[in-house]
Amino acid sequence: MESGPLDSVIAAADRALRAVFAPAQATRAFPGSDTAPHQPLAEAERRESAALMRVNHAGELAAQALYHGQALMARSQATRAMLLSAARSESDHLAWCELRLKELAARPSLLNPLWYAGSFAIGAAAGLMGDRRSLGFIAETERQVEGHLDDHLARLPASDARSRAILETMRAEEIAHGATATAAGGRSPPAPLPALMRHTARVMTRTSYWL
Ligand SMILES: [Fe+2]
Ligand SMILES: [Fe+2]
């Protein structure tokens, strides 16, 4: 239970360290674990899938960081609870991406601490705009993530059914996160913010494809 500002900051630091450095724990089964058996891919496909899943892993970490930053600044308990619950759902996504990266014999982005820190700062700034704007920011984030996942679903090697199952489940849940935030009274963030988010996401996705 977080009672005062110091407790909130300590809890936020704890969440940050766990997200970045501890192995992600999924609370739900790996999507496609029964429908998409693990099959070895050709080397070129394995590399492409690994690069895309590294980007998605970094993106899920960034999504958690945004929510953690927003939760730290949330004015109402209800908003904070909703943000932390969305962040937990992102940590399943993170765990699934992490598992898939291992199966593909690949590592996560070396710059993950940087992606977390930058996204946390953006989330905290969004949180300072007030709860309704902060909820609107979630809706905008999830809209952008949905577009990004559509792009990855088109690029993923056709033979990689396991990664596809993960991305499809994530896509459906990101849409639900956005809808929940809008239904809770989210208001669109001011104009420069969606553009800044798009720009930041582009830097992150291009870099973590390689690094
Ligand atoms: Fe997610
Ligand atoms: Fe989400």
Side-chain angles (χ1 to χ4, degrees), residues 15-16 18-20 22-33 49 52-72 74 78-101 108-109 112 115-116 118-120 122-124 126-127 131 133-156 162-186 188-189 193-194 197-198 200-202 204-205 208-209:
R15 280 192 285 272
R18 279 176 205 277
V20 178
Q25 302 288 342
T27 59
R28 293 173 293 153
F30 182 85
S33 47
S49 282
L52 295 176
M53 293 312 282
R54 179 157 52 243
V55 172
N56 289 308
H57 182 269
E60 290 303 327
L61 185 69
Q64 260 194 69
L66 285 172
Y67 287 155
H68 289 164
Q70 287 175 270
L72 181 66
T79 304
R80 174 169 299 141
M82 186 179 159
L83 285 160
L84 292 178
S85 139
R88 274 190 295 278
S89 154
E90 304 300 350
S91 87
D92 276 350
H93 297 178
L94 185 70
W96 298 337
C97 291
E98 194 170 304
L99 181 70
R100 187 62 188 139
L101 275 176
S109 171
N112 274 347
W115 307 138
Y116 186 95
S119 304
F120 185 93
I122 295 174
D131 285 6
R133 293 276 193 198
S134 189
L135 291 170
F137 178 84
I138 295 182
E140 176 61 29
T141 305
E142 298 292 14
R143 212 179 352 262
Q144 292 189 16
V145 175
E146 181 191 347
H148 156 84
L149 288 171
D150 283 338
D151 173 54
H152 271 208
L153 282 163
R155 289 165 66 188
L156 203 62
R162 277 170 87 79
S163 298
R164 184 169 304 277
I166 296 174
L167 297 193
E168 279 169 353
T169 303
M170 276 164 40
R171 183 180 181 278
E173 294 187 0
E174 311 308 8
I175 293 172
H177 292 158
T180 307
T182 302
S188 303
L193 206 59
M197 290 155 66
R198 242 190 309 276
T200 311
R202 199 170 304 136
M204 191 180 77
T205 53
S208 52
Y209 183 90

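By convention here, the first residue in the shown sequence is residue 1. Both counts, for ligands and for their atoms, begin at 1 and track the order of listing. Below, all heavy atoms of this structure are taken into account, side chains as well, without hydrogens, waters or symmetry copies.
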### Query
Do the ring planes of His152 and His148 sit parallel (below 30°), tilted (30 to 60°) or perpendicular (above 60°)?
tilted
### Message
Quick one about Ser208 and Trp115 (side-chain donor to acceptor, distance below 3.5 Å, no hydrogens or angles considered), yes or no?
### Response
no
#### Entry: Glu140 and Arg143 ion-paired at < 4.0 Å
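Arg143 and Glu140: salt-bridged.
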### Query
What angle, in degrees and rounded to 10°, do you get at the Fe ion (ligand 1) when you join it to OE2 of Glu60 and to ND1 of His93?
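It is 100°, given to the nearest 10°.
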### Apex the Fe ion (ligand 1) - arms OE1 from Glu90 and OE2 from Glu174 - angle rounded to 10°
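So the angle at the metal works out to 130°.
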### Query
Is the Fe ion (ligand 2) under 2.8 Å from any N, O or S atom of Glu173?
no
### Query
By atom name, which N, O or S atom belonging to His177 lies closest to the Fe ion (ligand 2)?
ND1
### Query
With respect to the Fe ion (ligand 2), what is the nearest N, O or S atom of Glu142?
OE2
### Task
Using atom types as modelled and distance alone, determine if a side-chain donor or acceptor of Arg133 lies under 3.5 Å from a backbone N or O of Gly127.
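Flag not set: sc Arg133 to bb Gly127 has no pair under 3.5 Å.
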### Query
Just by modelled atom types, is the Arg202 backbone N or O under 3.5 Å from a matching donor or acceptor in the Thr205 side chain?
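Answer holds: yes.
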